[in-house]
Amino acid sequence: MTVTTIEKLSQHVGQVVTLQGWVYDRTSKGKLHFVLLRDGSGIVQCVVFRGNVGEDFFNQVAGAGQESSITLTGLVKAEPRAPGGFEIDVQSGRVLQAVQGYPITPKEHGIEYLMEHRHLWLRSKRPWAVMRIRHAVIMGIRNFFDERGFTCMDAPIFTPNACEGTSTLFEVPYFEQMAYLTQSGQLYAEAAAMALGKVYTFGPTFRAEKSKTRRHLTEFWMIEPEMAYATLDDVMSLAEDMLSYVVAHVLKTRRAELAVLERDVAKLEKIVPPFPRLTYEEASRILLDSPEIKGTDLAFQPGEDFGAPHETIISNLFDRPVMVHRYPAAIKAFYMKRDPLDPTKCLSVDVLGSEGVGEIIGGSQREDELQLLLDRIEHEKLPQEAFQWYLDLRRYGSVPHGGFGLGLERTVAWICGIEHVREAIPFPRTIYRLTP
RNA sequence: UCCCCGGUAGCUCAAUGGUAGAGCACCCGGCUGUUAACCGGGUUGUUGUAGGUUCGAGCCCUACCCGGGGAGCCA
C-alpha cells in the first residue's frame, strides 16, 4: 500500500493509496460522508460509504469533526464532481483523534479572532497558499543569487549600535552591557562584499517603530545583496532582474496557490524588465501636478520624502514596479553616495511595487570616500567611535559598491495580492501583538 | 506619539434609555453526491473593566484595558 500526498494524486489514478492528514471539512448524508481531507500539500474529497467501510469506521468518521487527525486508504479516481477533480473512494482508515469544536469554522471570522488563533489559522486554505508562495519567493531569491555568483553571508542579529541611527531599536541586556536587535545587515554586508565580491544577507530585522499600518511589522525578514565594484545602475538592474526572476518562479510553481488567493495572474505576468525609472525630480513633478492631492493635506512638498499616498499615486501609473532614484541627500541615510552631477542628491533608489503596494526595496550606491563619510557621520551627529570598523572599509581598498534591502513580507504580500503584511509571515509581530 | 472606528452567545452580528435576539457552530433525529448541503428538534449570556447620570443603562457621561484602520517613520 502506497502512502502518498494529495499534490501527487494525479500520478496514482486507479491505484489504492493511503493519505495522512486532517479533516478540513465534512458533510454527511445518511449512509455516506464526504470528508475534505487536507495533508499540507493540498485538499482532496474522500467519500466514505457505510457499505464499503463497515459500521464501526463509518460511525467513527461521523464523530470526527473539523481538524480530526485521520488516515484514509482508498482508490484514487478522477471525478469531475469533486473539488479539485480527484476523489478517494475510501476502503478503510483510522481516526487518530476525533475532534469536536475546532475554533475556526468555514464561516467568517474577524481579524482579531484569527490573529489570536494564528497557530490554528495557518491550517486554513488562504494562509496555506500564502505560506507556500512565501517559500517559493525565498527559493526564487536564493536561486537567483546563487546563479549569479553571490555568497550568502548573514549579518549578526545582536548589534552594538544603530546602523542608521534614526529608527527606534529594540534594546536587550547583553551580559554587562546593552545590545540592540539589528535593523539592517547592510553595514556587515558591505564588509562581506569587500571579502567575497558579491554577497547577500537573509535574516530577520527588528524595528521598534510604533507603526500601525498594513505595511509594518516590528519583526520582518530582509534580503540585502551588496556588490563590490557596483554603481547605482548596477544596483537598479539587479533589483529589476531579481524581482522579475522571483515573480516568474512563483508563476511557474505556485499556480494553484495563486488561484486560492484569487490573484489576477495577468498582472504578475507583466512583471518583466525593463522597469520604469524616474528620478526623484521627475516623480516630484508628477506629484505636484496630481489633481488627487493638489490643495489637500496630502499635497506634496518639494524636497520632502514621499509619503504612502504619494507612492501609491506613482505606482498606479505603471503596470510594473517603478524605480525612483536620486533622492535628496538630506532625507536619506548617511552612507549613501552623493550624485557627482548634483551634490544635493544621492545615488539612491526606492522600488515601489506595482498596484499601489508601496516601497518594497530601498538601495543605493554607498559613499566610498573616507572623508566624505566622516563628514556625514559628524553632520548627522552619529557616534563616530561606533563606526570605526565600518570606516576601515574605506581605509583599506575602498571601491565603488552598492546594494539594496528587500522586505520579504512586503514582496510576498505584493505577489499574493493581499492587503496586509501580517498575513505574509507565519507569526506576525506588531506593536500590539506578541502572541501566539 | 497623534487622529478615527470597534468590544453583546463559541463565531459573525442585531437590539428608540423600558422583558438581550438572529444566523452559523455544537447536541439529537432523517437523508447514497455533498460543494458555506438540506429538513425537524434542542442547548448557549458577568453586553471589555471600574465608576457615574437615571425610576430604569448593552445604549448616555468619565477613566482605563484590549483590538482594528490611518498618519509620521520605514522594508
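Convention: sequence-line order gives letters A, B, ...; per-chain numbering from 1. For the numbers below, each heavy atom of this structure counts, side chains included, while hydrogens, waters and symmetry mates do not.
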Paired nucleotide for rG23(B) [Watson-Crick or G-U wobble; both distances under 3.5 Å]: rC11(B)
Across the strands shown, which category fits Q45(A) at heavy-atom distances under 4.0 angstrom: base, sugar-phosphate, nothing? base
What integer number of Å spans the P atoms of rU16(B) and rG21(B)? 14 Å
Under 4.0 Å: is that the gap between some side-chain N or O of R214(A) and OP1 or OP2 of rG70(B)? yes
Just call it for G65(A): base, sugar-phosphate, or nothing, with non-hydrogen atoms closer than 4.0 Å on any strand. nothing
Using Watson-Crick or G-U wobble geometry with both distances below 3.5 Å, tell me the partner of rU62(B), or none. rA50(B)
Does a side-chain N-to-carboxylate-O contact under 4.0 Å join E359(A) and R215(A)? no
Within the 4.0 Å heavy-atom criterion, would you say Y113(A) contacts the bases, only the backbone, or no part of the nucleic acid? sugar-phosphate
Out of curiosity, R126(A) CZ to L261(A) CG, how far, rounded to the nearest 0.5 Å? 6.0 Å
Q183(A) vs rC74(B): side-chain N/O to OP1/OP2 distance below 4.0 Å: no
Counting only side-chain nitrogens and oxygens, does K210(A) get under 4.0 Å of the OP1 or OP2 atom of rU1(B)? yes
For H33(A), answer base if it contacts any base atom (sugar-phosphate contacts may also be present), sugar-phosphate if it contacts only those atoms, and nothing otherwise; contact means non-hydrogen atoms under 4.0 Å. nothing
5'-most contact on RNA chain B (nearest-nucleotide basis), Q66(A) vs G407(A), goes to Q66(A)
Base, sugar-phosphate, or nothing: which does R422(A) touch, judged by heavy atoms less than 4.0 Å apart? sugar-phosphate
Considering only NZ, NE, NH1 and NH2 on the basic side and carboxylate oxygens on the acidic side, decide whether D25(A) and R38(A) come within less than 4.0 Å. no
Tell me whether F220(A) is stacked on the nucleobase of rA75(B), counting only the six-membered base ring and applying the 5.5 Å and 30° thresholds. yes
Quick one: E87(A) CD to rU34(B) C1', roughly how many Å, whole number? 10 Å
Do the side chains of R263(A) and E257(A) get close enough for a salt bridge, i.e. N-O under 4.0 angstrom? no
K29(A) side-chain N/O to rG33(B) phosphate OP1/OP2 under 4.0 Å: yes
side-chain contact (heavy atoms from CB on, under 4.5 Å) with R207(A): of H216(A), Q183(A), E219(A), only one passes, and it is Q183(A)
Determine the interatomic distance between C1' on rA50(B) and the same-named atom on rC66(B); round to the nearest Å. 15 Å
